[in-house]
Amino acid sequence: MARYDVAIVGGGSAGALLAARLSEDAGRQVVLVEAGGEPDDPDIAVPQAWPALQGRSYDWDYRTEPQPGTAGRVHAWARGKALGGSSLLHAMGHMRGHPADFAAWAAATGDARWSWEGLLPAFLAIEDHSLGGDGVHGKGGPLPVTLPGEDVSPVARAFIEAGAALGLPSIRGHNTGEMVGVTPNSLTIRDGRRITVAEAWLTPAVRARKNLTILAGHLVRRLKLDGNRAVALEAAGPDGPVEITADRIILSAGAIESPALLMRSGIGPQAVLAEAGIACRIAAPDVGRNLQDHLLGAGNLYAARRAVPPSQLQHSESMAYMRAGDFSAGGRPEIVVGCGVAPIVSERFTAPPAGAAYSLLFGVTNPSSRGALRITGPEAGDRLVIDPCYLQTERDRKLFRAALAAAREIGHRREMAEWRERELLPGPLETDTGIDRFIAEAAITHHHPSGTCRMGGDDHSVVDPDLRLRGLDNLHVVDASVIPTLTAGPIHASVLAVAETFARKAIAGA
């Protein structure tokens, strides 16, 4: 097989962007290697269909270990397995995060490139926002971002009015640097269709480039190392084993598969590798650690006084970010309450029929609980042990109680009265123990796994501030795994900004 200048492992959100950007130089031979195929399910384009996409053939459909913090439940983690990755499956929310989120990244790396100000050029470049051209929102970028107007559900409008009546400011979306407040969610939708990252960046013109090769249906099994360099990818393709050689290798396989691939290649915690029967090539204790994810309580459920009209968007239409216990306080948010214009509940509860109820979702913006993942054997098909350690800190449990209280206060406001018949869940709760028990039953993943190859300026970080793997000269990791701490909201926008920032430096030849 031909030798490439750059091999990118993973055709998801970061990988698709990198393939498009790095192949802009016609003299650079780029290969994008994706385990899944081309997304061909027409339901992917339907925004309202996203909850039903999970578990289909293009979902890795991971399972966590039973979680003591969520009543011993096993959580399904949907991750995209096709070109476009998890942008095929997610709820399309586009929220950059709060500036304080990125101040933590800059502090962790000692590099201002990862601050809000440092990332802003990348955010602007990737977006084609409906508010674009104002210096804050991007205009003309590959990814359409829409701040809905008339198509917002009347239930979500009442929710926004209730939040404002309690003191939350009305803000223009979640992407200005101010997150505390009420607003419709900005969504990666155009003309009523989901736009995936593959559609946005891997356009027909990009795919036609002679210096870009896309190998779909190729599962990378391990990296081939020679001294301080990664020299090839050992992959399983449709026609059998293949070896892909490249001068530079970029892992963009995501927060689960990037650390798993490193461990299968002998890079990781020595004890984990030994137990899996793999010789340690590079001791990297933090590979697979620092696993983080957002949870949402699903939910604070209300029977509707009249039929709730179907969402014209994607069911979760407004997220209100706020400080705990004070609707009027500003700054970095601590909790979030979202309006689901559908009866959204965890598997422990029975949802009423569509149109008969609606849910207020609630959660913690920057959880402090940390988990880990590890491999159990040398092959890609060997089981992964995924343990997010949900709700393992008292801080997270305390903030979750505050989030539920905020949801119920909004839900019982008079502004919601024309829709609210009665509260169905949680019902009377008189003690913290009872509240915690309900939250443990109601919590679901917000689908934001991250942090397992964290970037940092310290010697124990997996990648350095340039996203280069410590111990190898030519291997970089560029995906959600490098994020040292979660952003306040969905991480998709920030993952794209990380990839764009990396691409800019690579293109400049630095």
For [X] against [Y], the heavy-atom pair lying closest together:
{"X": "G363", "Y": "A403", "answer": "O-CB, 3.5 Å"}
{"X": "S346", "Y": "A442", "answer": "CB-O, 3.5 Å"}
{"X": "I335", "Y": "A324", "answer": "CD1-CA, 3.9 Å"}
{"X": "A357", "Y": "V308", "answer": "O-CG2, 4.2 Å"}
{"X": "N185", "Y": "M319", "answer": "OD1-N, 2.8 Å"}
{"X": "G288", "Y": "L291", "answer": "O-CB, 4.5 Å"}

Given 3.5 Å as the limit, does a donor-acceptor pair link the side chain of [X] with the main chain of [Y], or not?
{"X": "E257", "Y": "L251", "result": "no"}
{"X": "R370", "Y": "P367", "result": "yes"}
{"X": "E334", "Y": "L399", "result": "no"}
{"X": "S318", "Y": "T183", "result": "yes"}
{"X": "D151", "Y": "Q312", "result": "no"}
{"X": "S311", "Y": "Q314", "result": "yes"}
{"X": "D479", "Y": "S481", "result": "yes"}
{"X": "E127", "Y": "K139", "result": "no"}
{"X": "T376", "Y": "R383", "result": "yes"}
{"X": "Q292", "Y": "L486", "result": "yes"}

Which residues pass the side chain to side chain donor-acceptor pair (under 3.5 Å) test with R157, sequence neighbours left out? none

What pairs with R172 under side chain to side chain donor-acceptor pair (under 3.5 Å), at least two apart in sequence or on another chain?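 By the side chain to side chain donor-acceptor pair (under 3.5 Å) rule, R172 matches D134.
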
Gap between atom [atom2] of [Y] and atom [atom1] of [X] - 0.5 Å precision:
{"X": "R454", "Y": "T485", "atom1": "CZ", "atom2": "OG1", "answer": "10.5 Å"}
{"X": "L53", "Y": "I44", "atom1": "CG", "atom2": "CD1", "answer": "6.5 Å"}
{"X": "M95", "Y": "N175", "atom1": "CE", "atom2": "CG", "answer": "8.0 Å"}
{"X": "L202", "Y": "L32", "atom1": "CG", "atom2": "CG", "answer": "6.5 Å"}
{"X": "L261", "Y": "C453", "atom1": "CG", "atom2": "SG", "answer": "9.5 Å"}
{"X": "T146", "Y": "L131", "atom1": "OG1", "atom2": "CG", "answer": "9.5 Å"}

A side-chain contact here means heavy atoms from C-beta on lying under 4.5 Å apart; do [X] and [Y] qualify?
{"X": "W116", "Y": "R96", "result": "yes"}
{"X": "I491", "Y": "S494", "result": "yes"}
{"X": "I375", "Y": "D382", "result": "no"}
{"X": "E317", "Y": "C339", "result": "no"}
{"X": "M455", "Y": "S461", "result": "no"}
{"X": "L187", "Y": "L313", "result": "yes"}
{"X": "L168", "Y": "V180", "result": "yes"}
{"X": "V337", "Y": "E409", "result": "no"}

Ignoring hydrogens and angles, state whether a donor on the side chain of S368 or T393 is under 3.5 Å from an acceptor on the partner side chain.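 Side chains of S368 and T393: pair found under 3.5 Å.
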
Using only heavy-atom distances, determine whether the side chains of S13 and H492 contain a donor-acceptor pair under 3.5 Å.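 A donor-acceptor contact under 3.5 Å links the two side chains.
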
Can you tell me if CZ on R414 sees more than 12 non-hydrogen neighbours from other groups inside 6.0 Å? no

Worked check of ring pair (Phe, Tyr, Trp, His ring centres under 6.0 Å) between H75 and Y390: CA-CA 10 Å; H75 296 260; Y390 285 141; 5.1 Å; yes

Scan residues 193-202 for pairs that pass side-chain hydrogen bond (donor to acceptor under 3.5 Å, both in side chains), counting only residues two or more places apart or in two chains. H90-R194, R193-E199

Not counting sequence neighbours, list each pair that qualifies as a side-chain hydrogen bond (donor to acceptor under 3.5 Å, both in side chains) and has a residue in residues 419-440.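 Those involving residues 419-440 are N300-E423, R401-D436, R408-E423.
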
Parallel under 30°, tilted from 30 to 60°, perpendicular over 60°: which one fits the rings of H447 and W50? perpendicular

Any idea how Y62 and W60 line up, ring-wise: parallel (<30°), tilted (30 to 60°), or perpendicular (>60°)?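 It falls in the parallel class, under 30°.
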
Could you point out which residue of L496, T188, L83, V495 forms a side-chain contact (heavy atoms from CB on, under 4.5 Å) with V197? L496

If we check side-chain contact (heavy atoms from CB on, under 4.5 Å) with S359, which of these qualifies: V341, L301, L425, L424? L301

Hey, are [X] and [Y] close enough for a salt bridge, meaning a charged N less than 4.0 Å from a carboxylate O?
{"X": "E441", "Y": "R73", "result": "no"}
{"X": "R190", "Y": "D128", "result": "no"}
{"X": "R332", "Y": "D101", "result": "yes"}

Qualifying ring-ring contact (aromatic ring centres under 6.0 Å, His included) pairs, either residue in residues 332-358, two or more places apart: Y302-Y358, F349-F438

Quick one: which residue pairs count as a ring-ring contact (aromatic ring centres under 6.0 Å, His included) with a foot in residues 125-150, not counting sequence neighbours? H129-H137

Candidate pair F362 and F400, rule side-chain contact (heavy atoms from CB on, under 4.5 Å), full reasoning: CA-CA 8 Å; F362 53 94; F400 241 106; 3.8 Å; yes

How far apart are the C-alpha atoms of L391 and L295, what are their side-chain angles, what is the distance that settles it, and do they pass the side-chain contact (heavy atoms from CB on, under 4.5 Å) test? CA-CA 9 Å; L391 293 171; L295 287 173; 3.9 Å; yes

Determine whether W114 and V498 satisfy the following criterion, side-chain contact (heavy atoms from CB on, under 4.5 Å), listing intermediate values before the conclusion. CA-CA 8 Å; W114 305 115; V498 166; 4.1 Å; yes

Assess whether side-chain contact (heavy atoms from CB on, under 4.5 Å) is satisfied between L384 and W77, documenting all intermediate values. CA-CA 12 Å; L384 293 178; W77 275 16; over 6 Å; no

